[in-house]
Participant: 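Handing you this structure, nothing more for now.
Indexing begins at 1, ligand by ligand and atom by atom, following the structure's order.
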Amino acid sequence: MQGTMLYGPRDIRFEDRPEPTITKSTDAIIRLSATCICGSDLWPYRGIQPIAQPTPMGHEYCGIVEDVGREVKNIKPGQFVVGSFATSDNSCVICKDGYQSSCVHREFMSTAQAPLLRVPLADGTLVATSDLPPKELIPSLLATSDVLGTGWFAAYAANVKPGSKVAVVGDGAVGLLAVLSAKQMGAERIIAMSRHASRQKLAREFGATDIVTERGDEGVARIRELTNGIGADSVLECVGTQESMIQAINSTRPGGYIGYVGVPHDVSLDGEKLFFAHVHLHGGPAPVRRYLPKLIELVLDGKINPGKVFDLTLPVAQVAEGYRAMDERRAIKTLLRP
Ligand SMILES: [Zn+2]
């Protein structure tokens, strides 16, 4: 088969790769229905997170099970499944506490931009639907695999509740689905920070009540204006830069909560400022597995349509163009069809 490899900055190749096989008795092999490019894939793509050698890419996936190892009990060939970017046994103390993305047996997935995928710890990692889903729901089901689950965790970690006043920092796919998640959790006011017309429009569709285009101190001032002068109850940080973290901390009211899910790059916080900000900070790699059953159900019931964040669909063989489009911000998120 062919799969996606990153060779260096902006050098993506779709080339011959060994077909994955069952290597452990707890593995499954799935034939992908769809995969996609993550905002976090752009860090190594741009060379900001350097790679030591050519690296296979992709960690968002859904598809049909082809084969399972002999110890796999719950997942069966022929089922449609969705899994997280982090594998989990779903049975250790950390998993039982809902933090499957830090499972003691965790591995990070990284070969999903291809037609076939090996998934370790299949029983703990994958969630199967009871029937094969209709084709038109595949983009939204794929979104549950990472981007929606991550936005959902941002809202959960930021303690979004009915009536909350929420601000979302970041208008990438995760930020937009963080808006959708906050709406689902009953937020009363959802302020999306965005300067891009197409992203503002989607944010409004997903439930944003206000758009703030200013950044830095001006952005903070605008958010205070919209929140009785004190800052938001919950701020969802979905970027991972120094600017976005400071934006989030300064936009939160004392006693409020920040859910941070953007993978940090060169972020350092001033301990004294943090101390006097008086905010709760909760974030990390989203435990998507915790939310998969619920998010899949919301999609199958037609209650949410997170697949709208995919504004470009390409055959996986054209993956390099998918990266370029996202790098140049011509696309919010690229869906790849095997
Ligand atoms: Zn575990």
Participant: Between the side chain of Gln242 and the main-chain N/O of Ser268, is any donor-acceptor distance below 3.5 Å?
Facilitator: yes
Participant: At what distance, to the nearest 0.5 angstrom, does CG of Leu116 lie from OG1 of Thr111?
Facilitator: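 Between atom CG of Leu116 and atom OG1 of Thr111 there are 10.0 Å.
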Participant: Considering only N, O or S atoms, which atom of Asp89 is nearest to the Zn ion (ligand 1)?
Facilitator: OD1
Participant: Round to 10° and report the angle made at the Zn ion (ligand 1) by SG of Cys95 and SG of Cys92.
Facilitator: 110°
Participant: May I ask you to say whether Lys333 pairs ionically with Asp311, meaning some side-chain N is under 4.0 Å from a carboxylate O?
Facilitator: no
Participant: According to the interplanar angle, ranging from 0 to 90°, do the rings of His265 and Trp43 count as parallel (below 30°), tilted (30 to 60°) or perpendicular (above 60°)?
Facilitator: parallel
Participant: So that I can check it, does any N, O or S atom in Cys103 come closer than 2.8 Å to the Zn ion (ligand 1)?
Facilitator: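 Cys103 does place an N, O or S atom closer than 2.8 Å to the Zn ion (ligand 1).
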